[in-house]
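Here the structure is laid out as structure tokens; the discussion comes afterwards.
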Amino acid sequence: KVVVRTPNGVGPTGAASSPEFEILNPEGTGVAIRIRERRHDPLEPLDDYTRKVVRLRQRGIMYPYELISKITPSDGDGGGFPRGEFVEYDLATPDGHDQLEPVARRPGENSANVVVGEITNYTPKHPEGMPRILIAGDPSRGMGSLAEPECRRINAALDLARRRNLPVEWYAISAGALISMESGTENMDWIALVLRRIIEFTQDGGEMNVVVTGINVGAQPYWNAEATML
């Protein structure tokens, strides 16, 4: 966003009150220009959530929580998305059995490079709701790189979908396996385990719908291919 102020307090029409011209690119949809009254209060620092949203928007990427909010509007936004709701899940015991449970926390407080949960949309045809298990890569964290924390949550999401007999909706964005001096081939072992779970889930009749929302490198396109071909 760019704010243009005319000099010396003189507006474009010569009036003493000088407006500000705001040039912005909302959600990467195109340039918009707004005129507003000049502000004299100091700029407030952005919170952590907003910084992530802005940083990703500069790269043409949508933050996963912003995406979830868009596809599950509280009253339907007239943009093709019916009314919906989202419940975030995370591992109940991070160091024990990998089972997902609902979590009560503010958006953006995820500790892994992936967001999982359950989304439900309500339509006149399905007033009871259409629930799905959601998996969304978080490019604000290591460009969505994949290691044990991400793979454990993805596997747990597939297990939850199987138990609930629900389809999986995967918003895929990832830079592939994490490359780090602190971890080695175990990352590839975890990625292989996810691949096996995808194959087992789809061969058992499970439904996976993959939406590619940005960069897909390394393991992610292989997962996408397996999820959609079986």
Side-chain angles (χ1 to χ4, degrees), residues 1-5 19-74 77 79 81 84-91 94 100 102-119 134-154 157 169-183 187 211-220:
K1 179 172 69 174
V2 177
V3 177
V4 179
R5 294 179 175 176
E20 295 177 341
F21 296 86
E22 206 174 28
I23 306 172
L24 61 160
N25 181 16
E27 300 184 2
T29 57
V31 176
I33 300 178
R34 297 187 306 194
I35 300 177
R36 70 183 190 191
E37 292 298 322
R38 179 185 288 269
R39 298 180 182 176
H40 300 282
D41 51 313
L43 293 176
E44 296 183 2
L46 300 177
D47 57 37
D48 186 59
Y49 182 96
T50 306
R51 282 197 298 270
K52 292 177 182 178
V53 172
V54 172
R55 188 168 68 249
L56 292 180
R57 187 178 296 168
Q58 291 170 342
R59 293 186 284 174
I61 303 172
M62 184 175 289
Y63 192 42
Y65 291 97
E66 294 291 293
L67 173 63
I68 293 167
S69 177
K70 186 176 183 63
I71 63 178
T72 58
S74 58
D77 64 356
F81 298 102
E85 58 188 18
F86 170 69
V87 178
E88 187 172 5
Y89 282 68
D90 209 338
L91 297 179
L100 293 175
V103 291
R105 65 188 182 196
R106 294 179 298 177
E109 294 185 349
N110 53 305
S111 59
N113 302 349
V114 66
V115 178
V116 296
E118 181 177 337
I119 58 174
L134 176 135
I135 303 172
D138 184 354
S140 73
R141 301 172 52 90
M143 199 54 197
S145 57
L146 304 165
E148 177 183 351
E150 293 71 39
C151 293
R152 290 176 62 192
R153 286 162 173 81
I154 293 170
E169 198 160 298
W170 195 332
Y171 293 87
I173 180 167
S174 172
L178 175 66
I179 305 300
S180 172
M181 295 297 291
E182 299 177 358
S183 61
N187 286 342
V211 182
V212 177
T213 61
I215 183 172
N216 275 233
V217 177
Q220 189 67 63

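Every value quoted in this text rests on a predicted model; they were computed, and no experiment measured them. Numbers here simply count residues along the sequence, with the first being 1.
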[Y] side chain reached by [X] side chain, heavy atoms, under 4.5 Å:
X	Y	result
Pro64	Tyr171	no
Leu56	Pro139	yes
Met143	Ile61	yes

Quick check against the 3.5 Å criterion: does [X] have a side-chain atom that pairs as donor or acceptor with the backbone of [Y]?
X	Y	result
Asn113	Glu150	no
Arg141	Ser111	yes
Asn187	Leu178	yes

Practice prompt. Go through the steps for Asn110 and Glu88 under the test side chain to side chain contact (heavy atoms under 4.5 Å, CB included), then give the verdict.
Written response: CA-CA 10 Å; Asn110 53 305; Glu88 187 172 5; 4.1 Å; yes

Practice prompt. For the pair Leu134 and Trp170, evaluate side chain to side chain contact (heavy atoms under 4.5 Å, CB included) and give the outcome as yes or no after the intermediate values.
Written response: CA-CA 6 Å; Leu134 176 135; Trp170 195 332; over 6 Å; no

Fill in: Non-hydrogen atoms of Ala112 and Asp138 that approach each other most closely
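Smallest interatomic distance, heavy atoms only, reads O-OD2, 4.4 Å.
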
Worksheet item: In Å and rounded to the nearest 0.5 Å, what is the CD1 to CZ distance from Ile68 to Phe86?
Response: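 Interatomic distance, Ile68 CD1 to Phe86 CZ, rounded to 0.5 Å: 4.0 Å.
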
Practice prompt. Assign the ring pair Tyr63 / Tyr49 to parallel, tilted or perpendicular, where the plane angle (0 to 90°) is split at 30° and 60°.
Written response: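 Ring orientation, 0 to 90° scale: perpendicular.
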
Worksheet item: Charged N to carboxylate O below 4.0 Å: is that the case for Asp90 and Arg105?
Response: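 Counted as a salt bridge, because a side-chain N and a carboxylate O are separated by less than 4.0 Å.
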
